[in-house]
Amino acid sequence: MRRPPSGDAVSADLIERLNAALRDVPDFPKPGITFKDITPLLGDAASFRDAVAGMVVPWADAGVTHVAGIESRGFILAAPVALALGASFIPIRKPGKLPWRCAGVDYALEYGSDRLEMHIDACPASARVLLVDDVLATGGTALAAATLIERQGGAVVGLSFLLTICALGGAARLGDLVIHSLLQV
Ligand code: AMP
């Protein structure tokens, strides 16, 4: 995993507080999956504010022009990150949700496949894009989103996650892309 130049500029205290604000939900959405529920963190104003600030800091000098949020929990974090960076927002959505002409990328899941789409005019060729999602698990979703941005002519400056589930190997799958994750389990 390559890290952004500004590194991790948040205190151990804050990391501990944010970790404590996450909730593990066993066997959701199916048996064997432990779902990392971020709603307790979002539900505490100070934790929400500090988590967004911690996701912004490493990218402050990266020349980000666009922040792309991945549906749906990615939107919650990507919009305030975009505002803080003075960047535009690009929604990356599941198929059939966006109203205008779309480009899409299909990707494999453990069982079956899925697809992400964006509007064909959402990403100018000069765009320097930061991708944001809540959780990096196997990396399939983030890799598909990065591929989509690059096919539309944007440069992926990096990827920002609230939380990485390290055992699932997502960072390795993302290869040379620059990644920052505020929290890790
Ligand atoms: P992946 O493509 O495997 O990296 O999965 C990442 C996407 O699935 C993100 O958009 C997450 O919101 C969601 N996700 C995957 N696993 C979990 C989990 N254990 N808890 C919460 N969200 C998850």
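Both counts, for ligands and for their atoms, begin at 1 and track the order of listing. Counting begins at 1 with the first residue of the sequence.
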Heavy-atom closest contact ([X] atom, [Y] atom, distance):
{"X": "Ser160", "Y": "Met55", "answer": "OG-CE, 3.5 Å"}
{"X": "Ser126", "Y": "Thr65", "answer": "O-OG1, 4.5 Å"}
{"X": "Ala142", "Y": "Leu131", "answer": "O-CD1, 4.1 Å"}
{"X": "Gly69", "Y": "Phe75", "answer": "O-CE2, 3.2 Å"}

| task | Nearest 0.5 Å please: distance from the CZ atom of Phe48 over to the CG atom of Leu162. | result | 10.0 Å
| message | Is it the case that ligand 1 has an N or O less than 3.5 angstrom from some N or O of Glu71? | response | no
| request: Evaluate whether atom CD of Glu16 has more than 12 neighbouring non-hydrogen atoms of other residues, nucleotides or ligands under 6.0 angstrom away. | output: no
| request: State if Asp133 counts as touching ligand 1 under the rule of any non-hydrogen atom under 4.0 Å. | output: yes
| field | contact_flag Gly139 ligand 1 heavy-atom lt 4.0 Å | value | yes
Subset of ligand 1 atoms that lie under 4.0 Å from at least one heavy atom of [X]:
{"X": "Ile165", "value": "18 (C), 19 (N)"}
{"X": "Ala137", "value": "1 (P), 3 (O), 4 (O), 5 (O), 15 (C), 16 (N)"}
{"X": "Thr141", "value": "1 (P), 2 (O), 5 (O), 6 (C), 7 (C)"}
{"X": "Thr138", "value": "1 (P), 2 (O), 3 (O), 4 (O)"}
{"X": "Asp134", "value": "9 (C), 10 (O), 11 (C), 12 (O)"}
{"X": "Arg73", "value": "11 (C), 12 (O), 13 (C), 22 (N)"}

Look at [atom] and say which protein heavy atom is nearest, naming residue and atom and giving the distance to 0.1 Å.
{"atom": "atom 20 (N) of ligand 1", "value": "Lys36 N, 2.9 Å"}
{"atom": "atom 19 (N) of ligand 1", "value": "Thr34 O, 3.0 Å"}
{"atom": "atom 21 (C) of ligand 1", "value": "Phe35 CE1, 3.4 Å"}
{"atom": "atom 6 (C) of ligand 1", "value": "Val135 O, 3.5 Å"}

| query | Can a salt bridge be assigned to the pair Glu71 and Arg93 using a cut-off of 4.0 Å between side-chain N and carboxylate O? | reply | yes
| message | Determine whether Leu42 and Ile76 satisfy the following criterion, side chain to side chain contact (heavy atoms under 4.5 Å, CB included), listing intermediate values before the conclusion. | response | CA-CA 9 Å; Leu42 300 173; Ile76 299 166; 3.8 Å; yes
| field | Trace of the side chain to side chain contact (heavy atoms under 4.5 Å, CB included) decision for Asp134 with Leu163 | value | CA-CA 6 Å; Asp134 63 335; Leu163 173 72; over 6 Å; no
